[in-house]
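These notes concern the structure reproduced below.
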Amino acid sequence: MNLEKAKQTFIDEANELLLAFEDDLLRIESAPDPERPEIINSLFRAAHTIKGSAGLFGFDYIVSFTHVLESVLDKVREGGLTLDAELISLLLNCRDYVGNLIDALESGIEIDPARDADRELLLVRLQVQLKQGIGDPATVAGTPVVATTVVSVASPEPQEATATREADTVASDHWHLSLRFGPDVLRNGMDPLSFIRYLGTLGRIVYLTTLYDGLPPASQMDPESCYLGFEIEFDSAVDKQTIENVFEFVRDDSTVRIIPPHSKLAEYISLIGSLPEDQRRLGEILLQGGALTYFELEEVLRIQRAEQQVDKHAARPLGAILVEENVVPPQAVLAALEKQKQSDERKSNEHRFIKVEAAKLDSLINLVGELVIAGAAANLLATRSHSPELIEATTSIAELVERIRDGALTMRMVHIAETFNRFPRVVRDVSRELGKQIELSIGGGETELDKSMVEKLGDPLMHIVRNAIDHGIEPEAERLKMGKPVEGKLSLTAFHESGSIVIEVSDDGGGINRARVLAKALQKGLVPPDLVLSDREILNLIFEPGFSTAEQVTNLSGRGVGMDVVKRSIEQLRGEIELESEEGLGTLVRIRLPLTLAIIDGFQVVIGRSTFVIPLDLVIECLDLQTDSELLQPRYLNLRGEVLPYVRLRDLFDIEAPPPARENVVVVQYGNARAGLVVDQLLGEFQAVIKPLGQLFRGIKGIGGSTILGTGEVALILDVPQLIQLASAGERAELTRHLPRHLSVARS
Amino acid sequence: MSRVISKSSREMQERNAAQELQDLHQYLTFTLGGEAFAMDILHIKEIIEYGGVTEVPLMPSFVRGVINLRGAVVPVIDLSVRFGRQPTQIAKRTCIVIIEVSFNGEMQDIGVIVDAVNEVLDIPGQDIEPAPAFGSKIRSEFILGMGKVNQRFVIVLDVNQVLSLEEMSVLVETDVSRHLDA
């Protein structure tokens with residue numbers, strides 16, 4: 001097996017578990033009582049699984065930390081500790097720490113646990129928790145009471161028969177291990193022998209019997225199945241937990257029973273009763289290995305026989321018997337049952353989802369992109385051939401290709417919940433830091449968007465949310481004065497709207513104070529003093545570089561990174577961002593994103609000999625350029641009474657070919673404004689597979705990428721917002737060239 | 001004993017062969033502006049006929065444009081302009097040599113325009129002279145050495161310098177802003 005790959009799986013799994021862990025911690029604060037035990041169990045399971053998997057890879061520094069964490073959670077589970085806000089904070093810190101360990105592992109950084117101050121501190125705090133409360137001495141010592149893996153085989157074993165013999169203990173001072181490996185053990189890549197070898201490193205294997213009673217006749221035997229069982233006498237000073245951990249990975253499908261030295265006879269009775277092999281034979285094995293003396297064995301078998309005569313209807317699950325006999329504590333049985341349930345759930349999940357490497361999916365999307373291009377080429381040829389049959393055939397192929405494209409793209413879609421889920425934590429931390437009470441509501445988590453977009457959306461959203469908490473929602477006193485509830489409301493919502501995804505972040509805070517924004521913009525020289533701005537224009541000033549209205553630079557926002565960065569990152573995703581705000585009532589930030597980054601609907605235009613593509617969703621309409629307006633050289637048109645500024649792409653791009661007699665204007669929408677792009681010729685719509693332009697063109701302006709046309713030629717995709725910005729910056733530079741420097745105030 | 005010797009001598013032979021292989025690079029020779037150049041063949045992915053180049057606006061003149069290379073968009077560099085000479089005139093034998101360079105840990109394909117490709121030659125290490133201090137009329141860091149082939153010299157180019165993405169992307173960026181300010 002490729003260890004690197006397995007390690008990556010471990011990292012992925014651990015990250016998923018940590019996410020769930022955090023989610024649970026945040027949920028439990030407000031969860032109703034009946035749900036709490038389930039959440040605590042899930043917390044425990046997460047810690048336990050991380051510990052187990054880390055153990056497999058020998059990441060001891062993760063194991064030793066999660067072990068203590070697990071112990072604390074175990075104590076919580078048993079009711080020895082209450083999960084209060086303080087403990088939740090501690091557990092959140094622990095989660096972060098484990099997250100750091102995993103990150104370090106992923107990036108290949110070596111960690112020296114001895115020099116890790118965070119770790120020391122957290123461990124001390126966890127130990128304090130362990131020593132607190134009402135837990136029994138066993139848990140205080142840091143050894144959690146963990147379930148003996150109980151076999152859920154019904155055993156006809158009434159309590160009365162053994163109850164009187166509880167005091168009887170066997171003489172042997174060895175552990176007795178009874179192993180029955182499940183049939184799938186080998187298929188799952190586990191070698192029974194390696195477990196026994198590993199066991200041998202923990203102590204001395206005194207006696208071992210291999211049981212092959214389960215082996216069918218050779219003709220029926222499946223060489224890939226495991227039919228073996230072992231009875232082992234084991235001499236070691238380690239605790240039961242350690243021995244159990246040896247079999248951690250086969251526990252689900254194998255039977256592992258561990259009887260400590262000097263156990264009660266009853267344990268052997270139930271052992272023999274629960275195993276599939278012949279009792280007499282088992283007895284002999286136990287005798288040979290020295291687990292039982294001859295007399296002890298006789299006693300066991302006598303009781304066993306007596307029991308079998310007792311009414312069979314009294315058969316109860318072994319779990320119940322074990323509890324009644326005080327063999328295992330009730331919570332251990334619960335845990336074991338829980339474990340079974342969990343593995344069932346896992347199995348059903350496996351059926352619903354397949355984990356696929358992202359790279360495989362990407363290469364599939366690339367291929368589909370090629371297919372779209374090749375399909376367009378075939379269409380072009382078919383149209384030229386004027387053969388109706390051929391045109392019909394290529395049209396139906398094109399339809400199928402389109403469906404395949406849509407299907408392939410949806411495969412890369414993930415729920416936005418992946419991004420949203422980290423916000424409860426952020427809101428909790430930030431609001432605590434600021435002493436504000438905030439209720440976060442999340443809606444539309446099941447809205448899907450492209451995975452690559454989800455990754456790039458996190459930071460801008462984080463910034464918006466922090467801003468809302470820091471600047472949006474007022475301090476408690478102010479809220480009370482305004483007659484608002486003390487608890488501020490923050491909501492994150494996502495939904496689909498006509499081919500795009502809308503994400504809204506809204507708060508019921510103080511809203512945006514226009515006067516303050518304007519004053520600030522004037523002070524920073526972002527607007528000339530005498531300019532009259534519309535309400536929307538004032539709000540949009542917030543997105544200007546170098547703008548920040550917070551009078552105080554706080555720890556949270558105002559670190560020099562402003563809304564302009566947010567705006568830019570959204571625009572990089574070909575999205576838009578806008579603000580709505582009512583003073584005193586709150587603010588709403590709306591982000592609109594395209595569904596996918598890989599393929600867009602484009603509109604082809606020609607200038608000179610070059611073809612360019614304009615994203616279709618930005619195109620409003622197309623018109624003829626009236627030549628008479630050109631004589632006066634204004635750079636705007638009269639569009640049904642509306643002023644429409646326009647850009648001659650020929651001039652902007654320095655294209656030398658002479659303009660044709662008739663030029664066209666494509667009216668585009670960017671943000672809330674419109675503009676015209678003057679081109680030579682309009683070619684119409686087509687599906688553009690976006691191809692990156694590569695490192696060489698990092699500094700390019702006005703062009704967002706490229707695509708391949710049906711003819712096989714490359715066409716460039718225009719970045720409309722950037723184009724307009726370029727054009728207006730160019731014009732401004734021209735107009736202010738004669739002005740003294742200090743008067744040429746920028747305005748955009 | 002004899003077996004030991006024979007084994008070690010065979011190892012020696014193998015090592016010598018490996019050494020020779022290292023010294024003996026294969027080079028693609030081509031002409032550009034009437035001059036002969038050579039390039040280590042290890043960098044070269046393929047050679048295609050000139051055509052289908054889409055111009056990219058606002059680019060410095062050494063960037064001819066981009067082509068579609070089986071679905072990937074690859075920039076095309078006019079080597080002659082990069083050497084500070086006149087733009088290459090497209091003729092019948094004009095080719096685009098696709099070269100793989102690494103930048104920031106990523107491999108990127110770049111096409112360069114040459115007047116004609118000639119042949120692939122073995123040039124042993126001892127037949128490559130150091131570059132002259134001046135006289136080649138090409139920036140000296142572009143030249144790996146002067147290869148002797150049939151009593152004539154060919155200029156062996158240092159591909160990583162000639163096609164340094166770091167340098168070229170800065171040139172692109174400054175050229176774009178110069179265009180826009182003008």
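The figures here come from the full heavy-atom set of this structure, side chains too, leaving out hydrogens, waters and symmetry mates. All values derive from a computational prediction rather than experimental measurement. In what follows, chains are A, B, ... by sequence order, proteins preceding strands, each numbered from 1.
Under the 3.5 Å distance criterion, the side-chain polar atoms of B:Ser169 are left unmatched by any main-chain donor or acceptor of A:Arg698. For the pair B:Asn68 (side chain) and A:Val714 (backbone), a donor-acceptor distance under 3.5 Å is absent.
Crowding of A:Gln8 atom CD: a count of heavy atoms from other residues, nucleotides or ligands under 6.0 Å exceeding 12. In the displayed structure, B:Arg93 atom CZ is contacted under 6.0 Å by at most 12 heavy atoms of other residues, nucleotides or ligands. Remark: B:Glu100 CD is packed, more than 12 non-hydrogen atoms of other residues, nucleotides or ligands lying under 6.0 Å away. Sparse packing is recorded around CD of A:Glu656, with 12 or fewer heavy atoms of other residues, nucleotides or ligands lying under 6.0 Å away.
When heavy atoms are compared at a cutoff of 4.5 Å, B:Ile77 approaches chain A solely by way of its side chain, counted from C-beta outward. Neither the backbone nor the side chain of B:Val74 has a heavy atom closer than 4.5 Å to any heavy atom of chain A. Looking at B:Val172, only its side chain comes within 4.5 Å of chain A, counting heavy atoms on both sides. For A:Ile703, the part lying under 4.5 angstrom from a heavy atom of chain B is the side chain only. With a 4.5 angstrom heavy-atom cutoff, B:Leu58 touches chain A via backbone and side-chain atoms both. Only the side chain of B:Gln108 comes within contact range of chain A, judged by heavy atoms closer than 4.5 Å. The contact between A:Glu370 and chain B is made entirely by side chain atoms (from C-beta outward), counting heavy-atom distances below 4.5 Å.
Comparing B:Asp109, B:Val56, B:Ile67 by heavy-atom pairs within less than 4.5 Å of chain A, the highest count is held by B:Val56.
Taking CZ of A:Phe653 as the start and CE of B:Met59 as the end, the distance is 9.5 Å to the nearest 0.5 Å. Between the CD atom of B:Glu166 and the CG atom of A:Leu696 there is a distance of 12.5 Å, given to the nearest 0.5 Å. Note that the CD atom of A:Glu713 and the OG1 atom of B:Thr54 stand 5.0 Å from one another [nearest 0.5 Å].
Across all their heavy atoms, B:Val73 and A:Lys691 have their closest contact at CG2-CB, 3.6 Å. Closest approach of A:Gln695 and B:Leu165 over heavy atoms only: CB-CD1, 4.2 Å.
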